[in-house]
Number of protein chains: 2
Amino acid sequence: MAEDAIADGATEEAETCCAPPGDVDSDAIAIDLQVLTAMGNDTRYELLRRIANADDGVCVCDLEAAVGVSQSAVSQALSRLYTAGLVTRRKEGSWRYYEPTETTAALLETLDDLRGTHE
Amino acid sequence: MAEDAIADGATEEAETCCAPPGDVDSDAIAIDLQVLTAMGNDTRYELLRRIANADDGVCVCDLEAAVGVSQSAVSQALSRLYTAGLVTRRKEGSWRYYEPTETTAALLETLDDLRGTHE
DNA sequence: GAAATATATTAGTATCTGCTTGTATAAGCT
DNA sequence: AGCTTATACAAGCAGATACTAATATATTTC
């Protein structure tokens with residue numbers, strides 16, 4: 001699709017193909033990557049969606065039943081989401097409840113919007 | 001942080017800890033995951049940032065100089081970004097120019113916003 | 001058409017990841 | 001205290017991932 005459109009006069013000089021792009025803030029990249037890699041996994045993303053769907057916090061025991069991996073795997077996944085700042089957790093008796101952070105809410109909403117109105 | 005707050009009366013029944021969370025649309029998950037895993041890599045994310053920063057499209061040759069991997073690795077990375085719908089590409093002579101899609105613009109903007117106003 | 005340049009593709013490989021199993025910690029129950 | 005349940009942690013390992021190096025395909029230029 002549009003593999004061979006001719007455009008906008010960048011071919012005037014034969015020497016370079018375009019101006020080199022500006023630098024990117026590497027701290028920001030590191031932060032973003034932690035979020036993206038935490039979300040970018042089947043198990044963790046599904047857990048995150050479920051946590052975000054529930055209004056009042058979800059406990060690990062119910063999450064375990066929902067995804068198809070071991071209790072240990074769920075625990076590790078949630079831990080990673082927590083470290084990345086995607087969920088908060090609170091202890092209540094012997095159970096632990098997870099809730100989404102604003103980061104999660106914002107990103108999931110963006111992804112939902114994008115899926116709706118495909119470009 | 002807030003590891004042991006007591007809250008909201010979910011401990012009334014001793015049998016279950018909470019209501020099981022609702023299901024998640026698995027097609028949506030697959031689409032989102034393709035985007036997230038494509039972005040969730042140092043090389044690819046840096047390339048994406050550089051592509052998004054430039055207004056008029058960036059060619060591979062300049063991207064190569066910017067990140068510290070081989071030409072082949074850059075090509076593979078860009079190809080993956082393209083497959084995930086994060087960039088468009090057009091050929092112009094022997095050069096190929098990459099530009100961000102709306103998906104990229106929306107997600108990067110969300111990430112920028114989140115970094116600004118930490119929750 | 002041959003050489004040079006720009007990008008893509010293939011194959012091989014070292015590292016990373018995400019799981020399982022087993023064990024530890026902590027809280028509730030009797 | 002001892003038993004059970006809920007969650008976390010640690011070690012090990014199979015499979016995925018992201019490079020490099022080598023080669024292929026276009027495109028331009030001579």
Side-chain angles (χ1 to χ4, degrees), chain A residues 3-6 10-18 20 33-34 36-48 51 57-84 87-98, chain B residues 3-6 10-18 20 33-34 36-48 51 57-84 87-98:
Chain A
E3 285 299 74
D4 32 62
I6 306 297
T11 41
E12 243 96 79
E13 322 79 308
E15 195 68 352
T16 66
C17 53
C18 55
L33 271 178
Q34 197 184 23
L36 291 168
T37 55
M39 289 181 78
N41 165 262
D42 198 15
T43 299
R44 289 192 300 267
Y45 191 62
E46 182 146 330
L47 289 172
L48 196 59
I51 291 168
V58 189
C59 83
V60 184
C61 57
D62 281 321
L63 290 170
E64 271 166 46
V67 299
V69 293
S70 71
Q71 175 269 319
S72 176
V74 172
S75 179
Q76 291 171 56
L78 292 171
S79 201
R80 174 102 182 246
L81 292 174
Y82 176 73
T83 301
V87 296
T88 60
R89 55 186 179 189
R90 66 172 197 277
K91 215 175 192 179
E92 195 166 320
S94 49
W95 294 308
R96 204 186 265 270
Y97 290 84
Y98 283 81
Chain B
E3 285 299 75
D4 32 63
I6 307 297
T11 41
E12 243 95 80
E13 319 83 302
E15 195 67 353
T16 65
C17 53
C18 55
L33 271 178
Q34 198 186 22
L36 291 168
T37 55
M39 288 181 78
N41 165 264
D42 197 16
T43 299
R44 289 194 298 269
Y45 191 63
E46 183 147 16
L47 288 172
L48 196 59
I51 292 168
V58 189
C59 82
V60 183
C61 57
D62 281 321
L63 290 169
E64 272 166 47
V67 299
V69 294
S70 71
Q71 175 267 319
S72 175
V74 172
S75 179
Q76 293 172 58
L78 291 171
S79 201
R80 173 103 184 244
L81 292 174
Y82 176 73
T83 301
V87 296
T88 60
R89 54 187 180 190
R90 66 174 198 277
K91 215 176 189 179
E92 197 166 318
S94 50
W95 294 307
R96 203 186 265 270
Y97 290 83
Y98 283 81

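Values below: every heavy atom of this structure, side chains too, minus hydrogens, waters and symmetry copies. Within every chain, numbering begins at 1; the chains are lettered A, B, ... in the order of the sequence lines, protein sequences first and strands thereafter.
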In terms of side-chain heavy atoms of [X], which of [options] is nearest?
| X | options | result |
| --- | --- | --- |
| Gln76(B) | dC19(C), dT9(C), dT21(C) | dT9(C) |
| Arg96(A) | dT9(C), dA10(D), dT7(D) | dT7(D) |
| Arg44(B) | dA8(C), dA18(D), dC19(D) | dA18(D) |
| Lys91(B) | dA27(C), dT7(D), dT27(D) | dT27(D) |
| Ser94(A) | dA6(C), dT7(D), dG28(C) | dG28(C) |
| Val60(B) | dT20(D), dT7(C), dC9(D) | dT7(C) |
| Trp95(A) | dA8(C), dC19(C), dT7(D) | dT7(D) |

[X] [atom1] - [N] [atom2] separation (whole Å):
| X | N | atom1 | atom2 | result |
| --- | --- | --- | --- | --- |
| Glu64(B) | dT20(D) | CD | P | 11 Å |
| Met39(B) | dT17(D) | CE | P | 18 Å |
| Arg90(A) | dA8(D) | CZ | P | 14 Å |
| Asp62(A) | dT5(D) | CG | P | 16 Å |
| Gln34(B) | dT17(D) | CD | P | 12 Å |
| Glu92(B) | dT28(D) | CD | C1' | 14 Å |
| Glu46(A) | dG18(C) | CD | C1' | 15 Å |
| Asp42(A) | dT17(C) | CG | C1' | 14 Å |

Quiz item: Taking for each residue the nucleotide of DNA chain D bearing the nearest heavy atom, is the 5' side occupied by Ser79(A) or by Arg80(B)?
Solution: Ser79(A)

Quiz item: Does a distance-only test, which skips hydrogens and angles, find a donor-acceptor pair under 3.5 Å between the side chain of Ser72(B) and the base of dT7(C)?
Solution: no

Self-check item: Heavy-atom donor-acceptor pair, Gln71(A) side-chain to dT21(C) base, under 3.5 Å
Solution: no

Please determine whether a side-chain nitrogen or oxygen atom of [X] lies at a distance below 4.0 Å from atom OP1 or OP2 of [N].
| X | N | result |
| --- | --- | --- |
| Thr43(B) | dC19(D) | yes |
| Ser70(B) | dC19(D) | no |
| Asn41(B) | dA18(D) | yes |

Quiz prompt | Side-chain donor-acceptor contact under 3.5 Å, Ser75(A) with Gln71(A) | solution = no

Quiz item: Checking Arg89(A) side chain against Ser79(A) main chain: does a donor-acceptor pair fall under 3.5 Å?
Solution: no

Closest heavy-atom contact between [X] and [Y]?
| X | Y | value |
| --- | --- | --- |
| Val87(A) | Tyr82(A) | O-CD1, 3.4 Å |
| Thr43(B) | Ala77(B) | CG2-CB, 4.2 Å |
| Leu81(B) | Arg44(B) | CD1-O, 3.8 Å |
| Cys59(A) | Trp95(A) | CB-CB, 4.5 Å |

Self-check item: Toward the 5' end of DNA chain C, by each residue's nearest nucleotide, Ala77(A) or Leu78(B)
Solution: Leu78(B)

